[in-house]
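What follows is a short report on a single structure.
So you know, we letter chains A, B, ... as the sequences are listed, proteins then strands, and number each from 1. The analysis underlying the following values was restricted to heavy atoms, covering all of them including side chains, and did not include hydrogens, waters or symmetry mates.
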Amino acid sequence: MAKKGVLTPQQEDFPRWYQDILNKAELADNGPVRGTMVIRPYGYALWERMQAEVDQRIKDAGADNAYFPLFIPESYLNRESDHVEGFSPELAVVTQGGGRELAEPVVVRPTSETIINAYFSKWVQSHRDLPLLINQWANVVRWEMRPRIFLRTTEFLWQEGHTAHATREEARDYAAMILHEVYRDFMESVLAIPVLIGYKTEAERFPGAINSMCLEGMMRDGKALQMGTSHELGQSFATMFDITFLDAEGNQAHVWQTSWGVSSRMVGGLIMAHGDDQGLVVPPRLAPIQAVVIAVRDAEGVVDACHHMAESLAAAGIRVRVDDRTGTGFGRRATDWELKGVPVRVEIGPRDLENGQATMVSRSGSDKQTVSLSTAPKQVESLLDDMQQQIYNDAMAWRDSRIVEAATVAEVREAAATGFARIPWADLGPEGEAVLADDAVTVRCLQRPDGSLPQSGDETDLVAVCGRSY
RNA sequence: CGGGCUGUGGCGCAGUUUGGUCAGCGCACCUGCUUUGGGAGCAGGGGGUCGCCGGUUCAAAUCCGGCCAGCCCGACCA
């Protein structure tokens, strides 16, 4: 009884598909205040897994977690002119507290450069205090014009790293290292989303940065999603907040800084990079539930067998859940887990049990295979490994099939209707970039012809990757 | 903030042109029975002052005015 799809097909209406999946997979709801979201348990479980993986990599990169206040004095924002210009339109400002007008309004942090650097200036005295490597997991607020759950919400969750270094080279290398070792590695090996890396053009740069590096993923509708950024801040904040140190020769100098972040936007990226008309597809390394053991129906010994199966899967290190809600029809439950993108289903019914078997089904393939109860954990494990690789390969092949080499602005515009275009930056330039902007096409990043990260924005053979974006 | 579309039980919608006999449908939910190997069936049942405020009228989901919210397309952005 193949029913009509549960979700609006992607081809028919992609934004609608996205809305449907948020509801049907129980990921998030709109909050009561415009632009806010309620992240539901399954959506939050995805975020927690992302946090855990990113946090470990950040610690491996030598940064320590700390926490700074939600409220920032308005005057702090005003100290860095580019920064305040960039953010003031989207600030939430508190003017009252305890029933009284505040002497100085406080802003709800849109990002924490200012308040963190105010403290860096207290903590940094000597070259021996450097590098100072701090990370914070927090919520931030930006009063966005056009909110969309996970992709652009008024309040969102993120991680922001802030560092101070003795030299420009060291700061640049650290920002690039974060881009590669923390972000790119996480996105490609855990999220299974291939990303393009490069520099932002001046037009797209973070307010206050001297260089912004980014990672861009392609969604299933051909649009780009900026999945993360890593900035060289130069010395502007150091100057404004007076962050100085005595070097080994006894000279006073300003530090060189970086900041970098990824956010709950990645949940949206995960949905749109892998999801299909059956629902979410969650790569095994990320999945909060890697395998669900389903009791097909309540016959003799079936539910017990499911719990035993779950125990042996868990013992093999697999994140597992049992679905023994036999009061609900099998088809309904199978569909529900498919919607949630759980990589592997292990189904056990009386027929399986008779033969000492279980049925193993992969979210990405339609074939069911029969496995013996005793060897199932091994087989699930290896299926999970295969799926991780396959999901990445599929995303990569699909993306590459939608990247076009272009020679003119017109060709870029045409290619951007379905995907990305690559064009020599020398041929496009800021003038071409401005022309493309009329059609909502932007330069997503500047990279070397081989796709690697430049060492400098002055390199002469840089390629501009262009597309429409979220 | 500009352009377009839309607000009716949890979700999706019909009804608005021609004001009254209009508060209805599907899904979801509750109870019972039968079911359960790909969104089960039957029977019974609960739930909405029709986005909000005001106006016109004997009478407003329906007409008028204002406001608010959501979605899509732009400018902004993680």
Side-chain angles (χ1 to χ4, degrees), chain A residues 1-8 13-16 18-20 22-24 26 29-36 85-91 110-111 138-160 183 200 203-207 212 214-217 224-231 259-269 278-279 294-299 302 324-339 345 347-354 357-359 361 366 368 370 437-442 468-470:
Chain A
M1 62 177 71
K3 289 251 174 140
K4 196 171 56 154
V6 182
L7 305 170
T8 304
D13 185 344
F14 196 83
R16 184 69 171 268
Y18 184 77
Q19 290 290 128
D20 283 354
L22 293 174
N23 289 325
K24 296 287 173 68
E26 302 179 320
D29 272 336
N30 279 308
V33 173
R34 176 186 161 77
T36 59
E85 256 174 58
F87 281 107
S88 52
E90 53 191 68
L91 291 180
T111 179
N139 56 340
V140 288
V141 168
R142 300 179 186 177
W143 219 263
E144 297 289 353
M145 293 302 166
R146 211 178 114 202
R148 268 192 108 180
I149 288 186
F150 288 125
L151 300 174
R152 188 176 42 245
T153 44
T154 298
E155 176 190 5
F156 58 95
L157 307 181
W158 79 347
Q159 147 284 308
E160 50 180 321
Y183 296 157
K200 282 298 185 192
E204 300 272 326
R205 197 175 287 161
F206 176 77
S212 287
C214 63
L215 306 99
E216 301 279 332
L225 183 72
Q226 181 174 314
M227 311 247 322
T229 47
S230 185
H231 312 289
S259 72
W260 27 277
V262 294
S263 74
S264 42
R265 165 180 276 188
M266 288 192 298
V267 178
Q278 274 61 54
I294 304 184
V296 174
R297 53 199 180 88
D298 190 14
V302 166
D324 57 4
R325 300 169 297 163
T326 49
T328 302
F330 171 79
R332 156 50 73 89
R333 292 180 290 141
T335 309
D336 279 349
W337 293 114
E338 217 160 60
L339 274 167
R345 298 200 310 274
E347 304 170 355
I348 302 180
R351 229 153 56 204
D352 296 301
L353 212 49
E354 249 173 60
Q357 293 172 337
T359 303
V361 194
S366 50
K368 300 192 173 192
T370 302
D438 294 339
D439 294 298
V441 177
T442 50
R468 295 165 301 142
S469 77
Y470 279 96

Original post:
Starting at CZ of Arg152(A) and ending at P of C71(B), how long is that distance when rounded to a whole Å?
Top reply: 10 Å
Subject >> d(NZ, Lys368(A); P, G37(B)) in whole Å >> reply: 10 Å
Taking only N/O atoms, report every protein-nucleotides 25-34 of chain B pair under 3.5 Å with atom names and distance.
none

Subject >> Rounded distance in Å between the C1' positions of C72(B) and U18(B) >> reply: 32 Å
**OP:** Report the C-alpha distance between Val296(A) and Arg351(A) in whole Å, list the side-chain angles of each, state the deciding distance to 0.1 Å, and finish with yes or no for side-chain contact (heavy atoms from CB on, under 4.5 Å).
**Re:** CA-CA 10 Å; Val296(A) 174; Arg351(A) 229 153 56 204; over 6 Å; no
Original post:
Rounding to a whole Å, what distance do you find between Arg333(A):CZ and A40(B):C1'?
Top reply: 12 Å
Subject >> Phosphate OP1/OP2 of G38(B): any Arg345(A) side-chain N/O under 4.0 Å >> reply: no
Give me, pair by pair, the N or O atoms of the protein and of nucleotides 46-48 of chain B that are less than 3.5 Å apart, along with how far apart they are.
none

Original post:
Whom does C1(B) pair with, Watson-Crick or G-U wobble, provided both distances fall under 3.5 Å?
Top reply: G74(B)
**OP:** Report yes or no: is there a donor-acceptor pair, N or O only, under 3.5 Å between the side chain of Asn30(A) and the base of G70(B)?
**Re:** no
Subject >> Expected output: side-chain Thr153(A) to main-chain Ile149(A) donor-acceptor under 3.5 Å >> reply: no
Original post:
Within the structure shown, what part of the strands sits under 4.0 Å from Ser259(A) by heavy-atom distance: base, sugar-phosphate, or nothing?
Top reply: nothing
Original post:
Given the C1' atoms of U8(B) and U16(B), what is the spacing between them in whole Å?
Top reply: 11 Å
Original post:
A14(B) and C58(B): how far apart are their C1' atoms, nearest whole angstrom?
Top reply: 29 Å
**OP:** Return the nucleotide paired to C29(B): Watson-Crick means purine N1 to pyrimidine N3 with N6-O4 or O6-N4, wobble means G-U with N1-O2 and O6-N3, both under 3.5 Å.
**Re:** G45(B)
Original post:
Base, sugar-phosphate alone, or nothing: which one does Thr111(A) contact when heavy atoms must sit under 4.0 Å apart?
Top reply: nothing
Original post:
In Watson-Crick or G-U wobble terms, both distances under 3.5 Å, what is the partner of A14(B)?
Top reply: none
Original post:
Is it true that a side-chain atom of Arg345(A) and a backbone atom of Ile294(A) form a donor plus acceptor pair closer than 3.5 Å?
Top reply: no
Original post:
Reckon Thr359(A) touches a base, only the sugar-phosphate, or nothing at all at heavy-atom distances under 4.0 Å?
Top reply: base
Original post:
Which heavy atom in Glu90(A) sits nearest to a heavy atom in Arg142(A), and how many Å separate them?
Top reply: OE2-CD, 3.1 Å
Subject >> Side chain of Val361(A) - closest among G38(B), U36(B), A78(B) >> reply: G38(B)
Original post:
Does any non-hydrogen side-chain atom of Thr154(A) lie less than 4.5 Å from one of Val141(A)?
Top reply: yes
**OP:** Measure the spacing between OG1 of Thr229(A) and CG of Leu215(A) and express it to the nearest 0.5 Å.
**Re:** 8.5 Å
Subject >> Among A78(B), G38(B), G74(B), the nucleotide that comes nearest once only the side chain of Thr335(A) is considered >> reply: G38(B)
Original post:
Cationic tip of Arg148(A) within the cone over Tyr18(A)'s six-membered ring, i.e. under 6.0 Å and within 45° of the normal?
Top reply: yes
Original post:
What's the spacing between Met227(A) CE and Met266(A) CE if we round to 0.5 Å?
Top reply: 6.5 Å
**OP:** By nearest nucleotide on RNA chain B, pick out whichever of Gly35(A) and Glu204(A) is the more 5' one.
**Re:** Gly35(A)
Original post:
Under 3.5 Å, side chain of Asn23(A) to main-chain N/O of Asp20(A), donor-acceptor pair present?
Top reply: no
Original post:
Which whole number of Å gives the distance between the C1' atom of A40(B) and that of A78(B)?
Top reply: 45 Å
Original post:
Looking at CZ of Arg16(A) and CG of Leu7(A), how far apart are the two atoms once the value is rounded to the nearest 0.5 Å?
Top reply: 11.0 Å
**OP:** Give Phe206(A) one of three labels, base, sugar-phosphate or nothing, depending on what nucleic acid heavy atoms sit under 4.0 Å from its own.
**Re:** sugar-phosphate
Original post:
Which part of the nucleic acid, if any, lies within contact of Gly261(A), taking any heavy atom under 4.0 Å across all strands shown: a base, the sugar-phosphate backbone alone, or nothing?
Top reply: nothing
Original post:
When the distance from CZ of Phe87(A) to C1' of C77(B) is rounded to whole Å, what number comes out?
Top reply: 8 Å
**OP:** Assign Asp336(A) to base, sugar-phosphate, or nothing according to its heavy-atom contacts below 4.0 angstrom with the strands shown.
**Re:** base
Original post:
What distance, rounded to whole Å, do you find between the two C1' atoms, one in A61(B) and one in C25(B)?
Top reply: 16 Å
**OP:** Please assess Lys24(A) against Glu338(A) for the test salt bridge (charged side-chain N to carboxylate O under 4.0 Å, His left out), listing each intermediate value before the final yes or no.
**Re:** CA-CA 11 Å; Lys24(A) 296 287 173 68; Glu338(A) 217 160 60; over 6 Å; no
**OP:** Could you tell me which nucleotide pairs with G65(B) by Watson-Crick or G-U wobble geometry, both distances under 3.5 Å, or answer none if nothing does?
**Re:** C53(B)
**OP:** Output the distance between atom CH2 (Trp158(A)) and atom CG (Asn139(A)), rounded to the nearest 0.5 Å.
**Re:** 11.0 Å
**OP:** Using atom CH2 of Trp143(A) as one end and atom P of C1(B) as the other, report the distance to the nearest whole Å.
**Re:** 13 Å
**OP:** Take the protein atom CD of Glu216(A) and the nucleotide atom P of A78(B), then report the distance between them rounded to whole Å.
**Re:** 10 Å
**OP:** When you get a sec, tell me which of C77(B), G38(B), C72(B) is the closest nucleotide to the side chain of Pro15(A)?
**Re:** C72(B)
Subject >> Nucleotide opposite U35(B) in a Watson-Crick or G-U pair, distances under 3.5 Å >> reply: none
Subject >> Length of the CG-P vector between Asp29(A) and C71(B), whole Å >> reply: 12 Å
Subject >> Closest-nucleotide 5' rank along RNA chain B - winner of Thr229(A) and Ile149(A) >> reply: Ile149(A)
Original post:
To the nearest angstrom, how far is Trp158(A) atom CH2 from C77(B) atom C1'?
Top reply: 11 Å
Original post:
Hey, is Phe156(A) stacking on A78(B)? Ring centres under 5.5 Å, planes under 30°.
Top reply: yes
Subject >> From CG (Leu151(A)) to OG (Ser469(A)), nearest 0.5 Å >> reply: 11.0 Å
Subject >> Integer angstrom distance from the P of G54(B) to that of C71(B) >> reply: 28 Å
Expected rows: protein N/O vs nucleotides 7-12 of chain B N/O, under 3.5 Å:
| unit_1 | atom_1 | unit_2 | atom_2 | d |
| --- | --- | --- | --- | --- |
| G12(B) | O3' | Arg16(A) | NH2 | 3.3 |

**OP:** Measure the CZ-CG distance between Arg333(A) and Asp324(A) for me, rounded to the nearest 0.5 Å.
**Re:** 8.0 Å
Subject >> Base of C77(B) paired with side chain of Arg265(A) (donor-acceptor, under 3.5 Å) >> reply: yes
Original post:
Which is true for Ala437(A) with a 4.0 Å heavy-atom rule: it touches a base, it touches only sugar-phosphate, or it touches nothing?
Top reply: sugar-phosphate
Original post:
Expressed in whole Å, how much space separates the P atoms belonging to C27(B) and G74(B)?
Top reply: 37 Å
**OP:** Would you classify Gln19(A) as touching base, sugar-phosphate or nothing, given that sugar-phosphate means primed atoms plus P, OP1 and OP2, and contacts are heavy atoms under 4.0 Å?
**Re:** nothing
Original post:
Taking the P atom of each, how far is G7(B) from G51(B), in whole Å?
Top reply: 9 Å
Subject >> CA sep, side-chain torsions, deciding dist, call: Trp260(A), Gln159(A), side-chain contact (heavy atoms from CB on, under 4.5 Å) >> reply: CA-CA 8 Å; Trp260(A) 27 277; Gln159(A) 147 284 308; 3.3 Å; yes
